[in-house]
There are 2 protein chains.
Amino acid sequence: MKLETSCIRAEADHTQILRCKEDLNAVSTSIEAISKIMALAGNEVRFKILFLLKRETELCPCDFADILEMSVPAISQHLRKMKDVNVITTRRDGQTIFYRISKKNEDFLTAILSNITFEKKIA
Amino acid sequence: MKLETSCIRAEADHTQILRCKEDLNAVSTSIEAISKIMALAGNEVRFKILFLLKRETELCPCDFADILEMSVPAISQHLRKMKDVNVITTRRDGQTIFYRISKKNEDFLTAILSNITFEKKIA
DNA sequence: TTTATATTTAAGCATTTGCTTAAATAATTA
DNA sequence: TAATTATTTAAGCAAATGCTTAAATATAAA
């Protein structure tokens, strides 16, 4: 079994390359899942939604629209993406649908959100 | 000063909406910075690169190309994006350029990468 | 100084993303 | 029941993303 290589440098460590490939293989499912959550949180609007949900526990689409000054459909589509992968869950109360962070991802998201720092007020 | 509202429901808590807007305002710089890093890590290829850098300390573009079985230019462009915002740094050794996770973001990325779990080997 | 190697850069292009507007659902109220 | 309100869905479109190929840079070796 020959190893396909891109560079021919003498220092290339073929053992290391193979080990890395094996390592990646052993975590592929986990990497895929986490990077999917990261991609969702990597959008600033969605990150703000998660930040707000963490602070307020639950909010509805039109709350987000008011707070973020965006259209309701735009918000709804962001919420849908996060709901589709169970990052957030819903609860209906009459016509209002409340969103909250799902238990499943709470710890992971809390760890990330805890890196948010408040700015000092200037004058 | 009148508050622009999307929904007219009686339960809408205008105090909460205003507080949320103020809260967001107080963390806007931080949110912007973190969600930018998240967006970078949200790409599966880049997330794998970060995972590999964490394990191997430093690697060069052609290592990544071999490990991830991708073209060198494709890898190079991913590395550039992360270098542009100082998520990773470089060191030259002859013709080879070694990349590593920057000190500045090491803790944050380690926290995220620590959520990666290894899969059980089946049979 | 020519040649080879490692990397980056740039142009081109298909795919994805995130909004807008308009229409469809669903629950409440008159 | 009809009208109102909250939300979702869908179509359309501009902008961003991530690859490919080809060319440009930079260092090292012949």
**OP:** Check for a donor-acceptor pair, side chain of A:S30 on one end and backbone N or O of A:V27 on the other, with a separation under 3.5 Å.
**Re:** no
**OP:** Let me know the distance between CD1 of A:I88 and P of D:dT7, rounded to the nearest Å.
**Re:** 13 Å
**OP:** Measure from CD on B:E69 to P on D:dC19 and round the result to the nearest Å.
**Re:** 14 Å
**OP:** Quick one: label A:Y99 by what it contacts on the DNA or RNA (base, sugar-phosphate, nothing), any heavy atom closer than 4.0 Å.
**Re:** sugar-phosphate
Original post:
If you take atom types as modelled and just measure distance, does the side chain of A:Q95 reach the base of D:dT4 with a donor-acceptor pair under 3.5 Å?
Top reply: no
**OP:** Send over the distance from A:M82 CE to C:dG18 P, rounded to a whole Å.
**Re:** 11 Å
**OP:** Compute whether any side-chain donor of one residue and acceptor of the other, for B:T89 and B:K83, lie under 3.5 angstrom apart.
**Re:** no
Original post:
Hey, is B:E56 close enough to A:R19 for a salt bridge, meaning N to O under 4.0 Å?
Top reply: yes
**OP:** Would you indicate what A:K83 reaches in the nucleic acid, counting non-hydrogen atoms under 4.0 angstrom: base, sugar-phosphate, or nothing?
**Re:** nothing
**OP:** Rounded to the nearest angstrom, tell me the gap between atom CD in B:E44 and atom C1' in C:dT16.
**Re:** 15 Å
Subject >> salt_bridge(B:K36, A:E44) N-O dist < 4.0 Å >> reply: no
Subject >> Phosphate-side-chain proximity, A:R92 and C:dA26, N/O vs OP1/OP2 below 4.0 Å >> reply: no
Original post:
Is there a donor-acceptor contact under 3.5 Å from the side chain of A:N105 to the main chain of A:F108?
Top reply: no
Subject >> Distance, rounded to the nearest Å, where A:Q77 contributes CD and D:dA11 contributes P >> reply: 12 Å
Original post:
At under 4.0 Å, does any side-chain N or O of A:S71 touch on OP1 or OP2 of C:dT20?
Top reply: yes
Original post:
With nearest nucleotides of DNA chain C determined for A:P73 and A:G94 from heavy-atom distances, which residue corresponds to the more 5′ nucleotide?
Top reply: A:P73
Original post:
Does A:D93 or A:A39 map to a spot on DNA chain C nearer the 5' end, using the closest nucleotide for each?
Top reply: A:A39
**OP:** Specify the separation, in whole Å, of atom CG of A:D84 and atom P of C:dT17.
**Re:** 12 Å
**OP:** Give the rounded distance in Å between these two atoms: CG of A:N43 and C1' of C:dT17.
**Re:** 9 Å
**OP:** Could you state the atom-to-atom distance from CE of A:M70 to C1' of C:dT21 in whole Å?
**Re:** 15 Å
